[in-house]
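Every chain is numbered from 1, with letters handed out A, B, ... down the list of sequences.
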Amino acid sequence: MPDQLGDLARTHTCGALRASDVGADVVLLGWVHRVRDLGGVTFLDIRDRGGITQLVVRENDALMGVAKRLRSEFVVAARGIVQRRSEETVNSKLETGEVEVLVRELRLLNEAKTPPFQLAEDASVSEDVRLRYRYLDLRRPRLQHNIGLRHRTTMEIRKYFDASGFWEIETPILTKSTPEGARDYLVPSRVHPGEFYALPQSPQLFKQILMIGGADRYFQIAKCFRDEDLRADRQPEFTQVDVEVSFARAETIFQLIEPLMQRVFKLIGREVALPMRRLAYAEALSRYGSDKPDLRCGLEIQDFSEVFRESEFRVFRQIVAEGGAVRGIVLPKGNAYSRGQLDALVDQARQMGFAGLVWARPGEPPSSSVKAIGEASLRAAFARGSASRDDLLLLAAGGAEGVSKLLGQLRLHLAKKDGLLDPDRFEFLWVTDFPLLEYHAEDGRWYSMHHPFTSPHPDDWDKLETDPGAVRAVAYDLVLNGSEVGGGSIRIHDAALQARVFRRLGISEEEAKARFGFFLEALEYGTPPHGGIALGLDRMVAILAGESSIREVMAFPKTANAIDLMAGAPSGVDPRQLRELHLKTQN
RNA sequence: GGGGUCGUAGUUCAGCUGGUUAGAACGCCGCCCUGUCACGGCGGAGGCCGCGGGUUCGAGUCCCGUCGACCCCGCCA
């Protein structure tokens with residue numbers, strides 16, 4: 001039978017006591033972190049969210065019997081007197097290490113089974129075990145820190161938006177399926193046989209309708225759901241800081257979000273320099289081979305097409321003649337790469353999808369493999385790329401965009417390998433002027449790159465019908481260290497333009513009405529110009545915490561197979577539940 | 001859907017080219033210990049080597065399949 005709390009009320013957390021508290025009669029409550037039983041005296045480290053404090057239980061004390069029973073992770077209440085430790089016994093590793101509590105009263109509030117992994121050590125434990133026993137992992141310093149940081153981040157965000165005149169408004173979790181975009185999670189309706197709610201992929205339409213409803217400035221820390229495959233930075237349910245502003249231009253959003261980032265990064269003691277850099281999508285792609293470039297390293301992609309237009313190297317010449325491109329990266333100090341490392345790199349490139357990767361070292365005569373290129377062309381290429389004797393030139397050829405994207409991957413690979421991505425640097429970037437549409441050859445139609453409510457750039461409206469691929473959107477992503485941490489746009493507020501975009505997407509009037517009718521109708525009742533952004537809270541906090549997976553900043557994440565190892569979700573359900581929901585499963 | 005890494009004690013790992021009784025550390029259990037703080041000392045328990053099949057005189061080790069965790073591609077308006 002465990003003891004009850006009785007009249008014991010916490011006076012301090014386990015991280016609070018200092019030399020100035022000596023003599024105080026205190027009550028501490030927490031878990032047994034570690035027991036050091038020396039026979040005549042027993043030291044107990046007890047732990048709560050605040051830290052660790054050493055308790056002392058001495059012989060001849062009636063309490064010794066209780067102390068001897070204690071094991072790791074038992075829950076205890078201790079009342080005692082704070083005493084100063086002698087100089088030799090001060091523990092500088094503990095915040096409370098100058099003092100200890102001489103126990104006068106000790107209650108065993110609960111026993112605990114031996115944990116499947118040690119909490120007191122910062123030992124490495126495989127992730128499935130951590131997830132299965134998430135409540136234990138949550139007691140360990142890493143998650144305590146990350147979850148606390150997440151709280152401070154959301155508080156900072158709330159304070160910021162409140163001070164900026166925003167209202168936090170909740171939007172429905174049970175909503176309507178809008179099958180464009182990611183796969184929906186569906187919720188069957190009991191009351192309406194054969195009909196379904198969908199969980200929101202984002203509160204997109206609701207926040208726009210809030211603008212129509214005069215909310216003017218809205219934000220929400222919103223759970224979103226997407227039934228797609230997972231990654232280190234993607235979970236089926238995740239949290240967006242969702243923002244929408246009436247009468248906003250893109251500039252309004254940038255100037256709103258930049259100081260927010262500044263405030264948030266102050267939480268980890270970092271100054272963010274403003275304004276942030278901006279890069280048009282097309283430039284990001286050609287210079288970095290990515291729409292979310294990591295700017296912590298240089299390694300820009302350069303174009304060498306002109307060098308090879310007249311070259312004696314047939315392969316490159318032909319690709320350029322056919323409208324392709326020869327592009328490459330100059331790797332500083334790359335001359336140090338051994339032949340074996342270069343072979344491995346070429347191999348790696350093949351796996352990434354490169355048809356071929358040519359390397360050449362300015363510092364030495366051309367190896368047999370690059371002789372075909374010709375000395376003159378090589379010299380011209382080195383000059384074009386300003387490659388010095390210590391450098392390494394890497395070249396690939398093909399369709400311009402494809403080659404850039406592959407080189408973008410290679411760039412990151414090289415940067416990681418050579419340790420060029422300083423984890424302690426934070427490079428923000430706005431990527432702007434995304435294309436409005438992208439063509440999918442499989443079904444021969446255009447799709448919205450962002451979503452169908454994104455405003456086309458006013459200068460490009462007339463190309464909607466004639467040259468859809470060239471239409472820019474007033475859309476922007478916030479990129480941090482190569483991670484997309486936010487994305488947004490100015491929306492279409494004119495029903496006629498919205499209809500035109502739907503037509504371009506091949507969505508008939510009836511179809512549009514069936515899917516978004518409520519929204520299109522609302523659009524006709526005096527919609528103010530508006531726009532906004534959604535920030536990926538999980539990714540943001542992961543970066544703040546220095547974690548490479550968002551699972552480390554979520555209290556209860558799912559595995560890569562979308563399973564909750566602790567709760568055991570998903571699971572089968574009672575046949576009666578299915579009947580009530582008018583559902584039958586196959587097989 | 002595809003590719004890769006990994007799966008051995010509660011945990012983290014070692015286990016060679018296939019060869020006696022599968023090891024270590026930490027944890028766990030018992031005894032001893034009055035100033036420890038990763039306490040220490042002595043003793044002990046603990047293994048479906050993920051699962052199924054195959055090759056072999058013999059499989060933790062080789063092969064095939066399968067399941068699970070992680071990473072990547074596809075997917076993620």
Show me the donor-acceptor pairs within less than 3.5 Å that the side chains of residues 407-415 of chain A make with the rest of the protein, sequence neighbours left out.
{"residue": "R411(A)", "atom": "NE", "partner": "G298(A)", "partner atom": "O", "Å": "3.1"}
{"residue": "R411(A)", "atom": "NE", "partner": "L299(A)", "partner atom": "O", "Å": "3.1"}
{"residue": "R411(A)", "atom": "NH1", "partner": "D294(A)", "partner atom": "O", "Å": "3.4"}
{"residue": "R411(A)", "atom": "NH2", "partner": "D294(A)", "partner atom": "O", "Å": "2.8"}
{"residue": "R411(A)", "atom": "NH2", "partner": "C297(A)", "partner atom": "O", "Å": "2.9"}
{"residue": "R411(A)", "atom": "NH2", "partner": "G298(A)", "partner atom": "O", "Å": "3.0"}

Legend entry - Face-to-face stacking of F43(A) with U36(B), centres under 5.5 angstrom, angle under 30°: yes
Inset, instruction - Only pairs at least two apart or in different chains count here, so list each salt bridge (Lys or Arg N to Asp or Glu O under 4.0 Å) that has a residue in residues 199-208 of chain A. - result: K207(A)-D242(A), K207(A)-E244(A)
Legend entry - By side-chain contact (heavy atoms from CB on, under 4.5 Å) - contacts of S489(A) (at least two apart): H450(A), H451(A), T454(A), A475(A), R491(A)
Inset, instruction - Taking the six-membered ring for Trp and the single ring otherwise, decide whether the centroids of F519(A) and F453(A) are under 6.0 Å apart. - result: yes
Please produce a list of atom pairs where a protein N or O lies less than 3.5 Å from an N or O of nucleotides 25-28 of chain B.
{"residue": "C26(B)", "atom": "O2'", "partner": "Q118(A)", "partner atom": "OE1", "Å": "2.6"}
{"residue": "C26(B)", "atom": "O2'", "partner": "Q118(A)", "partner atom": "NE2", "Å": "2.7"}
{"residue": "G27(B)", "atom": "O4'", "partner": "Q118(A)", "partner atom": "OE1", "Å": "3.2"}

Inset, instruction - State whether a side-chain donor-acceptor pair under 3.5 Å links E100(A) with T53(A). - result: no
Inset, instruction - Using a 4.0 Å heavy-atom cut-off, write out nucleotides 66-75 of chain B from 5' to 3' as B (base contacted by protein), S (sugar-phosphate only) or - (no contact). - result: ---SSSSBBB
Legend entry - For E521(A), all residues meeting side-chain hydrogen bond (donor to acceptor under 3.5 Å, both in side chains), sequence neighbours excluded: none
Legend entry - Nucleotide paired to G27(B) in any strand shown, Watson-Crick or G-U, under 3.5 Å: none
Inset, instruction - List for me each residue that meets side-chain hydrogen bond (donor to acceptor under 3.5 Å, both in side chains) alongside R142(A), sequence neighbours excluded, and say none if there are none. - result: E547(A)
Legend entry - Nearest-angstrom distance from the residue atom CZ of F238(A) to P of C76(B): 13 Å
Inset, instruction - With C1' as the reference atom in both, quote the distance from C29(B) to U36(B) in angstrom, rounded to an integer. - result: 22 Å
Inset, instruction - With C1' as the reference atom in both, quote the distance from C57(B) to G18(B) in angstrom, rounded to an integer. - result: 12 Å
Legend entry - Residues that A19(A) engages under side-chain contact (heavy atoms from CB on, under 4.5 Å), provided they are two or more places apart: R84(A), E98(A)
Inset, instruction - Measure from CG on L55(A) to C1' on U36(B) and round the result to the nearest Å. - result: 13 Å
Legend entry - Interatomic distance where CD belongs to Q54(A) and P belongs to A38(B) [whole Å]: 10 Å
Inset, instruction - Go ahead and name the base partner of C49(B); Watson-Crick or wobble counts if both distances stay under 3.5 Å, otherwise write none. - result: none
Legend entry - Phosphate OP1/OP2 of U36(B): any R36(A) side-chain N/O under 4.0 Å: no
Inset, instruction - Using atom CD of E95(A) as one end and atom C1' of C37(B) as the other, report the distance to the nearest whole Å. - result: 16 Å
Using a cut-off of under 3.5 Å, enumerate the N/O to N/O pairs linking the protein to nucleotides 22-24 of chain B.
none

Inset, instruction - Tell me, please, which residues at least two apart from S126(A) pass side-chain contact (heavy atoms from CB on, under 4.5 Å). - result: D128(A), V129(A)
Inset, instruction - Applying side chain to side chain contact (heavy atoms under 4.5 Å, CB included), run through Q54(A) and H33(A) and close with a yes or a no. - result: CA-CA 10 Å; Q54(A) 173 166 285; H33(A) 187 66; over 6 Å; no
Inset, instruction - Check every strand shown and say whether P452(A) touches a base, only sugar-phosphate, or nothing at a heavy-atom separation below 4.0 Å. - result: base
Inset, instruction - Please tell me if the side chains of P293(A) and V431(A) come closer than 4.5 Å, counting only heavy atoms from C-beta onward. - result: yes
Inset, instruction - Would you kindly compare G39(A) and F117(A) by the position of their nearest RNA chain B nucleotide and give the one closer to the 5′ end? - result: F117(A)
Legend entry - R132(A) CZ to G7(B) P, straight-line distance once rounded to whole Å: 22 Å
Legend entry - Rounded distance in Å between the P positions of C73(B) and C16(B): 35 Å
Legend entry - Nearest-angstrom distance from the residue atom NZ of K68(A) to C1' of U34(B): 10 Å
Legend entry - Sidechain-backbone polar pair: R539(A) side chain, D233(A) backbone, donor-acceptor under 3.5 Å: yes
Inset, instruction - Classify the nucleic acid contact of S202(A) as base, sugar-phosphate or nothing, counting any heavy atom under 4.0 Å across all strands shown. - result: base
Inset, instruction - Could you give the distance separating A59(B) and G19(B) at their C1' atoms, to the nearest angstrom? - result: 10 Å
Inset, instruction - Report the distance from atom CZ of R130(A) to atom C1' of G10(B), rounded to the nearest whole Å. - result: 17 Å
Inset, instruction - Rounded to whole angstrom, note down the C1' distance from C26(B) over to U20(B). - result: 29 Å
Inset, instruction - Select base, sugar-phosphate, or nothing to describe what E100(A) touches, counting heavy atoms under 4.0 Å on all strands. - result: base
Inset, instruction - Sequence neighbours left out, what pairs pass salt bridge (Lys or Arg N to Asp or Glu O under 4.0 Å) with at least one residue falling in residues 36-46 of chain A? - result: R36(A)-D45(A), D37(A)-K68(A)
Legend entry - U56(B) pairs with, by Watson-Crick or G-U criteria that keep both distances under 3.5 Å: none
Inset, instruction - Provide the Watson-Crick or G-U wobble partner of C6(B), both distances under 3.5 Å; none if there is no partner. - result: G68(B)
Legend entry - Interatomic distance, L17(A) CG vs C37(B) P [rounded to whole Å]: 21 Å
Legend entry - Partners meeting side-chain hydrogen bond (donor to acceptor under 3.5 Å, both in side chains) with Y447(A) (sequence neighbours left out): D443(A)
Inset, instruction - For U61(B) and U55(B), measure between their C1' atoms and round to the nearest Å. - result: 13 Å
Inset, instruction - Determine the Euclidean distance between corresponding P atoms of U17(B) and C6(B); express it in Å to zero decimal places. - result: 15 Å
Legend entry - Distance, C1' atom - from A9(B) to A14(B), rounded to whole angstrom: 13 Å
